[in-house]
Amino acid sequence: MTEGTHENIVCVFCGCLCDDLQLEVQNNIITTNENGCAISKAKFLNHADDRLEGPAIRENGASKPVTLKEAIAKAVDIIANSKRLLVYGLSSTENDAHREAYKIAEEAGGVVDNTSSVCHGPTILGTQESGETVAALGEVRHRSDLVIYWGSNPQFAHPRHMTLHTRAAGEFIKDPKTERKIWVVDIRKTISAGVADRYIRIEPGTDLEVISALRALVRGKELDVDKVGGLSVSDLKEIAEVMKGAKYGVLFFGLGLTQSKGRHRNIDAAIRLIQDLNSYTKWSMMPMRGHYNVAGANKTSTWQTGYPYAVDYARGYPRYQPGEFTAVDMLVRGEADVLLNIAADPAAHFPRKALKHMGNISIINLDPKQNMTSLIAEVNVPTAIAGIECDGAAVRMDGLPLYLKKVVDPPENVLPDRDILRMIYDGLRRAKK
Ligand code: SF4
């Protein structure tokens with residue numbers, strides 16, 4: 001690969017997909033990362049560390065190095081003999097890999113789910129119920145005069161979100177310090193709340209009540225209580241009035257809203273609040289997507305299957321049922337007998353009951369790095385890091401697709417996820433003949 005400077009590289013860590021990184025490459029190693037945040041620097045500068053050393057198969061409890069061909073053959077054999085395949089992950093790899101994963105799920109009559117089922121799945125359910133009022137991040141920067149982060153801590157999880165999109169000047173907001181207000185609504189004073197213009201503390205688990213109260217007030221109704229979620233009615237009235245008075249408001253929301261009590265009902269209510277506000281002024285909302293391509297995983301799933309996640313092919317056509325075909329639920333019920341895991345680490349993040357079942361089934365793990373899942377996988381296949389060692393496409397949190405460039409070569413004989421998945425798919429097709 002080209003030694004020297006690479007400009008306008010997309011960061012493949014969080015859903016901001018910042019596309020202004022400047023990388024220096026020497027001897028096939030990234031030595032500097034200009035513009036990236038601390039998380040980005042850690043990812044790019046340590047791309048060569050903690051790698052899966054090579055294809056391996058676990059036999060009698062011990063991991064045995066094998067050739068790529070042998071690892072693929074073993075993976076094909078396991079999937080061909082599975083009764084209930086679960087394909088999971090996908091949010092930290094590029095879109096072409098997604099396509100190959102759905103083909104495998106379809107071929108094997110299995111289930112395919114992505115990590116949105118444990119993060120913004122409720123956002124999608126809320127959207128399916130109430131629609132979506134969307135904006136581009138550029139529009140936010142150019143036009144918004146009131147930004148609310150609800151249940152989201154961007155300074156921690158999306159470190160450049162505020163700097164690039166809500167603290168930066170835009171076409172119609174020349175001086176963001178005086179012309180734009182940033183509020184944080186959360187149950188505790190996060191570091192983002194500390195740098196915001198206003199912190200609104202609500203009681204845990206009361207998001208739905210607070211949003212519903214704001215909806216009522218925005219619509220001119222009176223509340224017959226003194227407080228909602230720890231906020232006095234006079235505070236709520238004042239908040240509703242400021243929201244109505246904004247020229248262009250944007251609500252960014254995170255897992256504090258999607259995964260707290262109420263879940264997709266919180267999102268449903270938030271969407272309806274935004275719709276109510278649009279009777280008076282312009283408001284949009286946007287989920288703070290975590291994994292860099294979780295939005296892409298939803299888009300490619302919808303493009304291939306008609307549904308964004310939790311898709312089952314057991315009947316030969318795609319069926320959608322969150323709660324039934326979502327990875328955690330399937331594992332907790334002990335339903336999946338094989339897990340094909342792609343660019344995720346469920347062993348590190350899933351609840352204990354799901355993990356217990358993972359210990360009893362065959363796991364085929366595709367990942368560039370060693371992780372908790374690779375420790376228990378029956379087959380491990382190392383892959384190239386998308387956006388660093390191979391190209392591809394990913395989708396930003398506002399739905400914008402961006403091209404990921406290759407900047408260094410992957411380790412010898414290490415291929416992109418899409419190539420490994422295609423080999424597994426071809427093997428399955430051959431096994432059927
Ligand atoms: S904010 Fe996110 S996308 Fe941007 S540089 Fe940091 S980790 Fe990368």
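Indexing begins at 1, ligand by ligand and atom by atom, following the structure's order.
Under 2.8 Å from atom 2 (Fe) of ligand 1, one finds the following protein N/O/S atoms: Cys14 SG.
For Glu139, there are no salt bridge (Lys or Arg N to Asp or Glu O under 4.0 Å) partners, not counting sequence neighbours.
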Item to complete: Show your working on salt bridge (charged side-chain N to carboxylate O under 4.0 Å, His left out) between Glu106 and Lys103 and close with a plain yes or no.
Response: CA-CA 5 Å; Glu106 183 171 15; Lys103 280 162 62 182; over 6 Å; no

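Here the closest non-hydrogen pair linking Arg58 and Leu375 is NH2-O, 2.9 Å.
Residues Tyr149 and Phe252 place their aromatic rings such that the two centres sit under 6.0 Å apart. If you look at His120 and Phe253, their ring centroids are closer than 6.0 Å.
A salt bridge links Glu129 and Arg265; the closest N-O separation between the charged side-chain nitrogens and carboxylate oxygens is under 4.0 Å.
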